[in-house]
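Since the structure comes first, as structure tokens, the remarks are kept for the end.
Just so we're on the same page: letters track the sequence lines, and every chain starts at 1. In this text the structure is predicted, and so the values were computed from the model without any measurement.
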There are 2 protein chains.
Amino acid sequence: MSTHTRKPLADSLAVHDQVYEAIRQALITGRIAPGVGVSLRSLAAELGVSPMPVRDAVRRLSAERALEINPANKRLSVPSLTANRLDQLSQARLWIEPELAARAAPHADAALLKRLRELDAAVDDALKLGDVDAYMTANHAFHFALYARAGAEVLLAMAGGLWLQIGPFMRVVFGRVGADGLVADRHAEAMEALKAHDAEGARRAVAADLAEGMDKMRAAVEAGR
Amino acid sequence: MSTHTRKPLADSLAVHDQVYEAIRQALITGRIAPGVGVSLRSLAAELGVSPMPVRDAVRRLSAERALEINPANKRLSVPSLTANRLDQLSQARLWIEPELAARAAPHADAALLKRLRELDAAVDDALKLGDVDAYMTANHAFHFALYARAGAEVLLAMAGGLWLQIGPFMRVVFGRVGADGLVADRHAEAMEALKAHDAEGARRAVAADLAEGMDKMRAAVEAGR
DNA sequence: CGACGCAAACTGTGATCACAATTCACCGCG
DNA sequence: CGCGGTGAATTGTGATCACAGTTTGCGTCG
């Protein structure tokens, strides 16, 4: 008898997509530390799959700059955190994400606001409990539930790529300063602006929310070198 | 189709990288028209390689949104050109590329200016001859020779992804209006600003250069639907 | 006791095969 | 002449193997 059980068709997610998500989560939550090397076969063994779908996932992640490929020996590693990289990512986020919020404002309806209130409550819960993983998950969900309403696929995808690259930085912040690094967010301001279909207000609120977080990350990175 | 000769080891470029470049060029120059479907095996046969490196290249290109994967049947296709997509790409370029030019200005030296003059001459030659391929190649080289001096790897990579996505649009413009669509550029203004280390001047010059081209593309896309 | 060297293990890459799902074309029926 | 259905061809996906280059680690020699 084979140990390999065939996947049901109803599971529409391809293996390489599951592997992609697994590695992505491992990167964002910091389970794979920045700077260390990984290998296709070790990842494959860890996830219980063949190296093939890992290869696909890694190719995708390196195209998104969430993984680095050493051009000399072609070996994989997690990009290390530098102040310069953080600055560029911050600047890009500070342009693109307020823009998405502003574009979403005219399309904000009751359903969106309800969903955002739920997600914001989850963020607050995580803040109270000091649960970093839950905070990052809920915060991500809040921002992208909002951005998705902008109807701007290209910009939305760019924002997704930026979060993927910034993930490890967030983890470093919380790892260094502890859960105390989690502070109140500007989500309430953003939701009020959305309710009023105030594009510029939403833009400002998101910009302020981002700027706070990025400042904390910058301080953590500069302190930790 | 070329006969398949074994590659020497000194050729350090992996096959999947060559395939990536080949498909990338085919996309940018419009040899693969937007909207049509492609397949791994057909691409592999066309390039004289096995489907394996094509798979890697395609995975990379789809992560960069230069290729689309139909989520239902997983089939590949070239993204079609819509006014909405063009708007988003334009806006992103108009933020990121002037920023790169401004960052490069302080680091502009004689070597860079010499290189830029050569590339600008190549652009002018292509304009005179109406050679669209040569124009796009030289124009790309000019912009990225400049941007590379900004010392901003993350932003540079983002700009590269945007050009890859905008490539097919350029081809449509020239295909519709002919080589007459090629007009004088703002490269001279940019180079003067660089020589003076005038960051804001470089920013404005690049922004003007881009805006002109993007306006033409928008007109072509709107006229052609 | 320290440094060098060589072999074994590991790395990414590419080819080939198997397989299920989808697409396509052609044939026969009404 | 049009249309439905069925088999063949094509598709992406995943596994396995081969191979060359690199790294690693252990043994031996100076």
Side-chain angles (χ1 to χ4, degrees), chain A residues 1-24 32 35-79, chain B residues 1-24 32 35-79:
Chain A
M1 158 192 320
S2 132
T3 63
H4 179 69
T5 59
R6 184 151 298 282
K7 236 177 314 304
L9 288 180
D11 186 345
S12 61
L13 217 59
V15 177
H16 67 83
D17 282 323
Q18 302 180 27
V19 171
Y20 172 82
E21 278 306 325
I23 301 178
R24 174 188 162 99
I32 308 180
V36 308
V38 294
S39 84
L40 297 183
R41 287 173 174 86
S42 64
L43 285 171
E46 201 171 324
L47 297 170
V49 298
S50 89
M52 202 66 236
V54 178
R55 210 167 133 173
D56 284 345
V58 159
R59 198 64 77 186
R60 193 168 150 198
L61 287 163
S62 68
E64 292 169 322
R65 279 168 296 285
L67 280 179
E68 272 178 352
I69 298 184
N70 182 331
N73 57 9
K74 279 87 179 296
R75 259 170 170 85
L76 293 167
S77 61
V78 183
Chain B
M1 175 177 327
S2 72
T3 64
H4 179 69
T5 58
R6 182 151 297 282
K7 245 172 312 300
L9 287 180
D11 187 344
S12 62
L13 218 59
V15 176
H16 67 83
D17 282 322
Q18 302 180 25
V19 171
Y20 171 83
E21 279 306 325
I23 300 179
R24 174 189 163 97
I32 308 180
V36 309
V38 294
S39 85
L40 297 183
R41 285 172 173 87
S42 64
L43 285 172
E46 200 170 327
L47 298 170
V49 299
S50 89
M52 202 65 236
V54 177
R55 209 166 134 174
D56 284 345
V58 159
R59 199 63 78 182
R60 194 169 151 197
L61 286 163
S62 68
E64 291 169 321
R65 280 168 293 285
L67 280 179
E68 273 178 351
I69 299 185
N70 183 331
N73 57 10
K74 278 84 181 297
R75 261 173 168 82
L76 293 167
S77 62
V78 183

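Nearer the 5' end of DNA chain D, as judged by each residue's closest nucleotide, is the contact made by B:S42, out of A:R75 and B:S42.
Atom CG of A:L76 is separated from atom CG of A:N70 by 9.5 Å, given to the nearest 0.5 angstrom. Atom CG of B:L40 sits about 10.5 Å away from atom OG of B:S50, to the nearest 0.5 Å. Atom CE of A:M52 is separated from atom NE2 of A:H16 by 10.0 Å, given to the nearest 0.5 angstrom. In this structure, CD1 in A:I23 is found 5.5 Å from CG in A:L61, a value given to the nearest 0.5 Å. Here the CG atom belonging to B:L67 is positioned 11.0 Å from the CZ atom belonging to B:R59, to the nearest 0.5 angstrom.
Contacts with DNA chain C (heavy atom under 4.0 Å) in residues 52-71 of chain A: A:R55, A:R59, listed by number.
Whole-Å rounding puts the B:D17 CG to C:dG14 C1' distance at 13 Å. Here D:dT13 presents its C1' atom at 19 Å from OH of A:Y20, a figure rounded to the nearest Å. Rounded to whole Å, the distance from NZ on B:K74 to P on C:dA20 is 15 Å. Counting to the nearest Å, the P atom of C:dT23 and the CG atom of B:L76 are 13 Å from each other. The distance from atom CG of B:L47 to atom P of C:dA15 is 12 Å, rounded to the nearest whole Å.
The side chain of A:V15 approaches D:dG14 more closely than any other nucleotide in the set D:dG14, D:dT16, C:dG14. Comparing D:dT13, D:dT23, C:dT22 by their closest approach to the side chain of B:L40 singles out D:dT13.
Two residues are said to be in side-chain contact when any heavy atoms from C-beta on lie closer than 4.5 Å; B:D17 and B:R60 meet this criterion.
No donor-acceptor distance shorter than 3.5 angstrom exists from the side chain of A:E64 to the backbone of B:A63, with no hydrogens or angles considered.
Contact annotation: B:S39 does not reach the phosphate of D:dT10 (side-chain N/O to OP1 or OP2, under 4.0 Å). Phosphate contact (OP1/OP2 of C:dT23, side-chain N/O of B:N73, threshold under 4.0 Å): present.
Residue B:R41 places a side-chain atom within donor-acceptor reach of the base of D:dG12, judged by atom type and a 3.5 Å distance cut-off alone.
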